[in-house]
K.L.:
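Right, I'll just put the structure down here and ask away after.
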Amino acid sequence: MAADKVTLNNGVKCPVLGLGTWQSNDNPGIVEQAIRDAIDVGYRHFDCAFIYGNEREIGKAIREKIAEGVVKREDLFIVTKLWNDSHRKEKVISTCKKSLKNFGLDYVDLYLIHWPTAYKGLGEGLLGFVDEKGNSLEDDVDYLDTWKQMEECYKLGLTKSIGLSNFNSQQIERVLSIAKIKPVMNQVECHPNLNQKKLRDFCKERGIVITAYSPLGSPKRSWVKPDDPQVAIEHPKIIKIGKKYQKSPAQIVLRYLIDIGTVPVPKSTSKSRIAENIQLFDFKLTSEEIKEIDKLDSGLRICPAVELKNHKNYPFNIEF
């Protein structure tokens, strides 16, 4: 089953469902196989990032499938992201080229600024936002200067589109105020417990599509608290709707996210789950069902990025 597509503000078409690849680097063989399985069952959109540490494995699997004739490069939509330690003017283009080398590809389809927060000397891995004495490694780089270099990546043909990730409405407005090339996408956490209606409406008015990460609410998240609201895919409303359509709760949540205009990128390395998650294009939810799921919104943010909270550009200090 192939995913439907949405046309971005630059005319590029993006499949409305992608495969997320965060936390898929523990075993290189597993992520490679997940990409192969996903291509075989119809996925054409892959959401990646430099910091995930698995671009090489993903690229290897993609190139193998192209060589086998299963898929053409132009049919794929490959996304990757600029990490926080590469915001400086002199680093953006070289970091983008590094990702392309990792993938073994000539270009990506979408290049995103991963966070609006710049840091220096992070070293390897997601952490390292402070030095050994606990002092912040925050770097004084304006993401507007970073955006100008993202535009250069586009002009050089390194990427077909450019966009943002984890930017709030004020930060997006600042980028739009100076952009010569408009962002096509803002990737944010979005699921029934955090449906981002205000940010979605804001972006829609400006022709920016929302990619929904953690679309299933990360039900296995280790940091769940006993008093947190019930994760949507476990909610009786979702289960009831699933029985009506003979679909799993996860399929109902993903269909909901597509029906409200977002592009979900569920992460999985399970062959059966990968196949199940794309079986979404033979049904649609009714407006009444969408309204019922809307009521599950509780403002529960699963990925608050607390390690960034002292940064001046931390995006979650305002409502949206």
K.L.:
Would you say that L19 contacts I35 through its side chain, given a criterion of any heavy-atom pair below 4.5 Å between the two side chains?
P.N.:
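Of all side-chain heavy-atom pairs linking I35 with L19, at least one is under 4.5 Å.
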K.L.:
Taking only residues two or more places apart in sequence or in another chain, which ones pass ring-ring contact (aromatic ring centres under 6.0 Å, His included) with F320?
P.N.:
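F320: no ring-ring contact (aromatic ring centres under 6.0 Å, His included) contacts found.
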K.L.:
Just wondering, are more than 12 heavy atoms of other shown residues or ligands nearer than 6.0 Å to NZ in K13?
P.N.:
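Open.
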K.L.:
For residues V41 and F77: do they belong to one hydrophobic cluster (side chain heavy atoms under 4.5 Å, members Ile, Leu, Val, Met, Phe, Trp, Tyr)?
P.N.:
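Yes, one cluster joins them.
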K.L.:
Decide yes or no for D201 and K198: does some side-chain heavy atom of the first lie under 4.5 Å from some side-chain heavy atom of the second?
P.N.:
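No, too far: nothing below the 4.5 Å cut-off.
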K.L.:
Going by the rule side-chain contact (heavy atoms from CB on, under 4.5 Å), which residues pair with D282 if we only count those two or more places apart in sequence or in a different chain?
P.N.:
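M1, K247.
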K.L.:
State the CD1-CG distance between I290 and N195, to the nearest 0.5 angstrom.
P.N.:
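Spacing of CD1 (I290) from CG (N195) equals 11.5 Å.
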K.L.:
If we ignore hydrogens and angles and just use 3.5 Å, is the side chain of N186 paired with the main-chain N or O of G163 as donor and acceptor?
P.N.:
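Looks like no, no N/O pair under 3.5 Å.
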K.L.:
Return yes when atom NZ of K271 has more than 12 non-hydrogen atoms of other residues, nucleotides or ligands closer than 6.0 Å, and no otherwise.
P.N.:
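Incorrect, the count does not exceed 12.
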K.L.:
Checking side chain to side chain contact (heavy atoms under 4.5 Å, CB included) for the pair N193/D297: CA distance, chi angles, key distance, verdict?
P.N.:
CA-CA 4 Å; N193 298 119; D297 183 47; 5.8 Å; no
K.L.:
Does this structure show an ion pair linking K81 with D47, if we count only N-O contacts that are shorter than 4.0 Å?
P.N.:
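Salt bridge present between K81 and D47.
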K.L.:
Show your reasoning for whether side chain to side chain contact (heavy atoms under 4.5 Å, CB included) applies to T286 and K244.
P.N.:
CA-CA 12 Å; T286 66; K244 171 187 168 182; 4.1 Å; yes
K.L.:
Do other residues, nucleotides or ligands put more than 12 heavy atoms under 6.0 Å from the OH atom of Y154?
P.N.:
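No, the 6.0 Å shell around OH holds no more than 12 heavy atoms from other groups.
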K.L.:
Would a distance-only check, ignoring hydrogens and angles, find a side-chain to backbone donor-acceptor pair under 3.5 Å from W147 to I181?
P.N.:
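Side chain of W147 to backbone of I181: a pair is present.
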K.L.:
Judged by modelled atom types alone, do S268 and S270 share a side-chain donor-acceptor pair under 3.5 Å?
P.N.:
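Short answer, no.
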K.L.:
Give a yes or no on whether the backbone of N313 and the side-chain of Q171 come within a donor-acceptor separation of less than 3.5 Å.
P.N.:
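At least one qualifying donor-acceptor pair exists.
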K.L.:
Quick one: does D109's side chain have a donor or acceptor within less than 3.5 Å of a partner on K160's backbone?
P.N.:
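Between the backbone of K160 and the side chain of D109 there is no qualifying donor-acceptor contact (under 3.5 Å).
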K.L.:
Test of understanding: clusters of I, L, V, M, F, W, Y form through side-chain heavy atoms closer than 4.5 Å, transitively. Do I239 and Y245 belong to the same one?
P.N.:
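No, it is not one cluster - the side chains of I239 and Y245 are not joined through contacts under 4.5 Å.
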K.L.:
Can you say whether the rings of Y43 and F46 are parallel (under 30°), tilted (30 to 60°) or perpendicular (over 60°)?
P.N.:
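The rings of Y43 and F46 sit tilted, inter-plane angle from 30° to 60°.
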K.L.:
To the closest 0.5 Å, what do you measure between CD1 (I62) and SG (C48)?
P.N.:
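Here the rounded value is 6.0 Å.
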K.L.:
Nearest heavy-atom pair of S99 and F50: which atoms, and what distance?
P.N.:
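In this case the closest contact between S99 and F50 is OG-CD1, 3.6 Å.
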K.L.:
For K180, enumerate each residue passing the side-chain contact (heavy atoms from CB on, under 4.5 Å) test, keeping only those at least two apart in sequence or located in another chain.
P.N.:
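K180 satisfies side-chain contact (heavy atoms from CB on, under 4.5 Å) with E151 only.
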K.L.:
If you look at every heavy atom in V16 and P264, which pair is closest and at what distance?
P.N.:
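For V16 and P264, the tightest heavy-atom pair comes out as O-CD, 3.2 Å.
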K.L.:
Looking at every heavy atom in both A250 and L216, which two are closest together, and how far apart are they?
P.N.:
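Nearest pair, atom of A250 first, then L216: O-CD2, 3.7 Å.
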K.L.:
Does the side chain of D294 come under 3.5 Å of the side chain of Y256 through a donor N or O and an acceptor N or O?
P.N.:
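The answer is yes; a qualifying pair exists.
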K.L.:
Report yes if the side chains of I252 and I293 come closer than 4.5 Å at any heavy-atom pair, otherwise no.
P.N.:
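Yes, side chains in contact.
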K.L.:
E307 and Y119: side-chain donor and acceptor closer than 3.5 Å?
P.N.:
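Looking only at side-chain atoms, Y119 and E307 do not form any donor-acceptor pair under 3.5 Å.
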K.L.:
Is there a side chain to side chain contact (heavy atoms under 4.5 Å, CB included) between V253 and L257? Walk through the geometry before answering.
P.N.:
CA-CA 6 Å; V253 168; L257 290 167; 4.2 Å; yes
K.L.:
Answer yes if Y107 and F103 sit in the same cluster of Ile, Leu, Val, Met, Phe, Trp and Tyr residues linked by side chain heavy atoms under 4.5 Å apart, and no otherwise.
P.N.:
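No, it is not one cluster - the side chains of Y107 and F103 are not joined through contacts under 4.5 Å.
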K.L.:
Mind running side chain to side chain contact (heavy atoms under 4.5 Å, CB included) on L17 and H45 for me, showing each step along the way?
P.N.:
CA-CA 7 Å; L17 179 80; H45 175 178; over 6 Å; no
K.L.:
Does the side chain of E152 reach to within under 4.5 Å of the side chain of V92, using non-hydrogen atoms?
P.N.:
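Result no, sub-4.5 Å side-chain heavy-atom pair not found.
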K.L.:
Could you tell me whether a side-chain N or O of E276 sits under 3.5 Å from a main-chain N or O of Q251, the two making a donor and an acceptor?
P.N.:
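Such a contact is absent between E276 side chain and Q251 backbone.
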K.L.:
With a 4.0 Å cut-off on N to O distance, would you call E173 and R206 a salt bridge?
P.N.:
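R206 and E173: salt-bridged.
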K.L.:
Over all heavy atoms of both residues, which pair between N9 and G207 is shortest? Give the atoms and the distance, please.
P.N.:
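Scanning both residues completely, I find the closest heavy atoms to be ND2-O, 2.9 Å.
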K.L.:
For the residue pair K240 and K243, establish whether any side-chain heavy-atom pair is separated by less than 4.5 Å.
P.N.:
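No, every pair of side-chain atoms sits at 4.5 Å or beyond.
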K.L.:
Are the side chain of T117 and the backbone of Y314 linked by a donor-acceptor contact shorter than 3.5 Å?
P.N.:
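Pair absent, no side-chain N/O of T117 close to backbone of Y314.
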K.L.:
Mind checking what makes ring-ring contact (aromatic ring centres under 6.0 Å, His included) contact with F167, not counting sequence neighbours?
P.N.:
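F167 satisfies ring-ring contact (aromatic ring centres under 6.0 Å, His included) with Y143 once adjacent residues are dropped.
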K.L.:
If you round to the nearest 0.5 Å, how far is NZ of K98 from CG of N102?
P.N.:
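With rounding to 0.5 Å, CG (N102) is 8.5 Å from NZ (K98).
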K.L.:
Consider only side-chain heavy atoms of I, L, V, M, F, W and Y, link residues closer than 4.5 Å, and tell whether F202 and L194 are in one cluster.
P.N.:
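Not linked; separate clusters.
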K.L.:
Hey, could you give me the CD1/CG distance between I318 and N168, rounded to the nearest 0.5 Å?
P.N.:
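Reported to 0.5 Å precision, the distance equals 3.5 Å.
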K.L.:
Around atom CZ of R174, are there more than 12 heavy atoms of other residues, nucleotides or ligands at under 6.0 Å?
P.N.:
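For R174, atom CZ is crowded (more than 12 foreign heavy atoms under 6.0 Å).
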K.L.:
Among residues at least two apart in sequence or on other chains, which ones pass side-chain contact (heavy atoms from CB on, under 4.5 Å) with D139?
P.N.:
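For D139, the residues satisfying side-chain contact (heavy atoms from CB on, under 4.5 Å) (neighbours in sequence not counted) are R88, A118, K120, V141.
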K.L.:
Can you name the residues that form a ring-ring contact (aromatic ring centres under 6.0 Å, His included) with F281, not counting sequence neighbours?
P.N.:
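Applying ring-ring contact (aromatic ring centres under 6.0 Å, His included) to F281 gives none.
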K.L.:
Could you tell me how the ring of Y52 sits relative to the ring of W22: parallel (under 30°), tilted (30 to 60°) or perpendicular (over 60°)?
P.N.:
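Ring orientation, 0 to 90° scale: tilted.
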K.L.:
So how far is it from K89 NZ to D142 CG, rounded to the nearest 0.5 Å?
P.N.:
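Atom-to-atom, K89:NZ and D142:CG are 13.5 Å apart.
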K.L.:
Counting N and O atoms only, with roles assigned by atom type, does the side chain of R255 sit under 3.5 Å from a partner on the main chain of L280, one being a donor and the other an acceptor?
P.N.:
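Flag set: sc R255 to bb L280 pair under 3.5 Å.
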K.L.:
Identify whether the distance between the nearest side-chain nitrogen and carboxylate oxygen of E64 and K60 falls below 4.0 Å.
P.N.:
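So E64 pairs with K60 through a salt bridge.
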K.L.:
Does any part of the side chain of L76, heavy atoms only, come nearer than 4.5 Å to the side chain of I66, both counted from C-beta?
P.N.:
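Yes, close enough: below the 4.5 Å cut-off.
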K.L.:
Show the nearest heavy-atom pair for residues I233 and I238, with the distance to one decimal.
P.N.:
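Closest approach of I233 to I238: CA-CG2, 4.4 Å.
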K.L.:
Count the heavy atoms of every other residue, nucleotide or ligand shown that sit under 6.0 Å from CG of N317, and state whether that count exceeds 12.
P.N.:
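Enclosed.
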K.L.:
Taking W115's backbone N and O only, do any of them form a donor-acceptor pair with H87's side chain (distance below 3.5 Å, no angle check)?
P.N.:
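Looks like yes, one N/O pair under 3.5 Å.
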K.L.:
Taking atom types as modelled, find out whether E189 and S214 have a side-chain donor-acceptor pair closer than 3.5 angstrom.
P.N.:
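Per modelled atom types, E189 and S214 side chains form no pair under 3.5 Å.
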K.L.:
When rounded to the nearest 0.5 angstrom, what distance separates CG in L199 from CD in E319?
P.N.:
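The CD atom of E319 is 10.5 Å from CG of L199, to the nearest 0.5 Å.
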K.L.:
Taking atom CD of E74 as the centre, report whether more than 12 heavy atoms of other residues, nucleotides or ligands fall under 6.0 Å from it.
P.N.:
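Yes.
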K.L.:
Within a strict 4.5 Å, meaning less than it, do heavy atoms of the L285 and F283 side chains meet?
P.N.:
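They are in side-chain contact.
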K.L.:
Hey, does T211 have a side-chain heavy atom less than 4.5 Å from the side chain of T262?
P.N.:
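Of all side-chain heavy-atom pairs linking T211 with T262, none is under 4.5 Å.
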K.L.:
So, K295 and E292, do they make that salt bridge, N to O below 4.0 Å?
P.N.:
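Here K295 pairs with E292 in a salt bridge, since their nearest N and O are under 4.0 Å apart.
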K.L.:
Shortest non-hydrogen contact from R44 to D75?
P.N.:
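Closest approach of R44 to D75: CB-O, 3.4 Å.
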